[in-house]
Amino acid sequence: MGRFNRANLALGLGVAILGLMIATIWVSMDTASGLIEKVRRQVTIGDALAPTAAAMFLVVGGLLVAAFDRDDTAYRVSVGNLAFVTSLLILLFVSLALMRWAGPLAAVFAEGGYRPLRDTAPWKYIGFSLGGTALVAGLICFVERRLSWRAIWVALVATLALILVYDLPFDDLLLPPNGDV
């Protein structure tokens, strides 16, 4: 059994601490309700549930990296590492920009603008679908180091699955970023 890789130990613990800070500080300061809300015997998902669940995934993932990623070699940050992170940040930025602006740009000629349409089909799905598909397909292509139709189809199906899970069952939930538009 090898020794702990200090870089992965630091990364794992850093991500776990970041996840705890998000769950305890940021989510509580940024949401108006708790994890689950009960009003007049009606139980609904609170504003804090999704970001708290995401933060807990960060905590678990960080602890797993810190505890189980062992290696006998020492890693150093290289130009290749920085290029990798920069490429990922560009992909994330472009995907989030598509998610944020595709819907409002598509509705530029609609009477009244995008805001009154943001919770009606097909307008509410435009940005989420384009940005989500671009992000997932981009990550797959990045890992495979090639563009493929399979990556695009997988990304489209994954995005549609998220829409089915998060949008269709809940009448009062707006897909990102429609709540901020």
Side-chain angles (χ1 to χ4, degrees), residues 15 18-61 85-144 147-181:
V15 168
L18 177 67
L20 286 173
M21 289 174 54
I22 289 170
T24 58
I25 299 170
W26 184 17
V27 172
S28 63
M29 292 175 63
D30 196 40
T31 57
S33 65
L35 299 175
I36 297 173
E37 292 294 310
K38 185 174 182 183
V39 178
R40 297 184 200 154
R41 295 181 294 197
Q42 180 78 17
V43 178
T44 60
I45 292 175
D47 294 339
L49 184 63
T52 302
M56 290 300 104
F57 279 115
L58 287 175
V59 171
V60 170
V85 170
T86 303
S87 299
L88 285 178
L89 289 175
I90 289 170
L91 174 63
L92 181 64
F93 176 77
V94 169
S95 299
L96 291 177
L98 273 172
M99 192 175 281
R100 169 63 178 88
W101 293 105
L105 285 174
V108 74
F109 295 112
E111 189 173 326
Y114 181 72
R115 191 163 179 79
L117 301 172
R118 68 186 178 155
D119 195 28
T120 60
W123 304 102
K124 66 180 178 177
Y125 301 121
I126 293 172
F128 189 81
S129 298
L130 286 175
T133 301
L135 180 61
V136 174
L139 289 172
I140 292 171
C141 293
F142 196 80
V143 169
E144 293 179 343
L147 181 62
S148 68
W149 283 108
R150 186 183 67 75
I152 295 169
W153 281 110
V154 167
L156 188 59
V157 169
T159 304
L160 292 175
L162 286 172
I163 289 171
L164 288 173
V165 169
Y166 283 107
D167 186 57
L168 294 182
F170 306 106
D171 293 335
D172 58 348
L173 187 71
L174 290 174
L175 289 171
N178 292 329
D180 297 330
V181 178

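Below, each value reflects all heavy atoms present in this structure, side chains not excepted, and no hydrogens, waters or symmetry copies. Treat the numbers as computed from the prediction; the structure is a model and nothing was measured. Starting from 1, each residue takes its place in the sequence as its number.
- Heavy atoms only, all atoms of each residue included: Cys141 and Leu147 are closest at SG-CD1, 3.5 Å.
- Considering CZ of Arg100 and CZ of Phe93, their distance stands at 12.0 Å, rounded to 0.5 Å.
- Between Val15 and Leu18 the shortest side-chain heavy-atom distance does not fall below 4.5 Å.
- With hydrogens and angles disregarded, no donor-acceptor distance shorter than 3.5 Å links the side chain of Thr133 to the backbone of Leu130.
- Of all heavy-atom pairs between Met56 and Leu20, the closest is CE-CD2, 4.4 Å.
- The minimum heavy-atom distance between Ala107 and Tyr114, with the atom names listed, is CB-CD1, 3.8 Å.
- Listed by chain and number, the residues in a side-chain hydrogen bond (donor to acceptor under 3.5 Å, both in side chains) with Glu37 amount to none (sequence neighbours excluded).
- A pairwise comparison of heavy atoms in Gly132 and Thr159 identifies C-OG1, 3.4 Å as the closest pair.
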Open item on the list: Assess the residue pair Phe128 and Met99 against the criterion (side-chain contact (heavy atoms from CB on, under 4.5 Å)); give the C-alpha distance rounded to whole Å, side-chain angles, the decisive distance to 0.1 Å, and a yes or no.
Closed with: CA-CA 5 Å; Phe128 189 81; Met99 192 175 281; 4.1 Å; yes

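- Taking the side chain as every heavy atom from C-beta outward, Leu139 and Leu88 approach each other to under 4.5 Å.
- Annotation: Met21, atom CE; neighbour count of heavy atoms from other residues, nucleotides and ligands within 6.0 Å does not exceed 12.
- A distance of 10.0 Å separates CG of Leu135 from CD1 of Ile140, quoted to the nearest 0.5 Å.
- Annotation for Ala48 and Leu35: closest pair O-CD2, 3.6 Å, computed over non-hydrogen atoms.
- Within the 4.5 Å cutoff, side-chain heavy atoms of Ser129 are placed close to those of Ile163.
- Listed for the Thr52 side chain is no donor-acceptor partner under 3.5 Å among the backbone atoms of Ala23.
- Separating the CG atom in Leu98 from the CD1 atom in Ile126 is a distance of 12.0 Å, to the nearest 0.5 Å.
- Interatomic distance, Phe142 CZ to Ile90 CD1, rounded to the nearest 0.5 Å: 9.5 Å.
- Ser28 places a side-chain N or O within 3.5 Å of a backbone atom of Ile25 that can act as its donor or acceptor partner.
- Of all non-hydrogen atoms in Val27 and Pro51, the two that sit nearest each other are CG2-CB, 3.8 Å.
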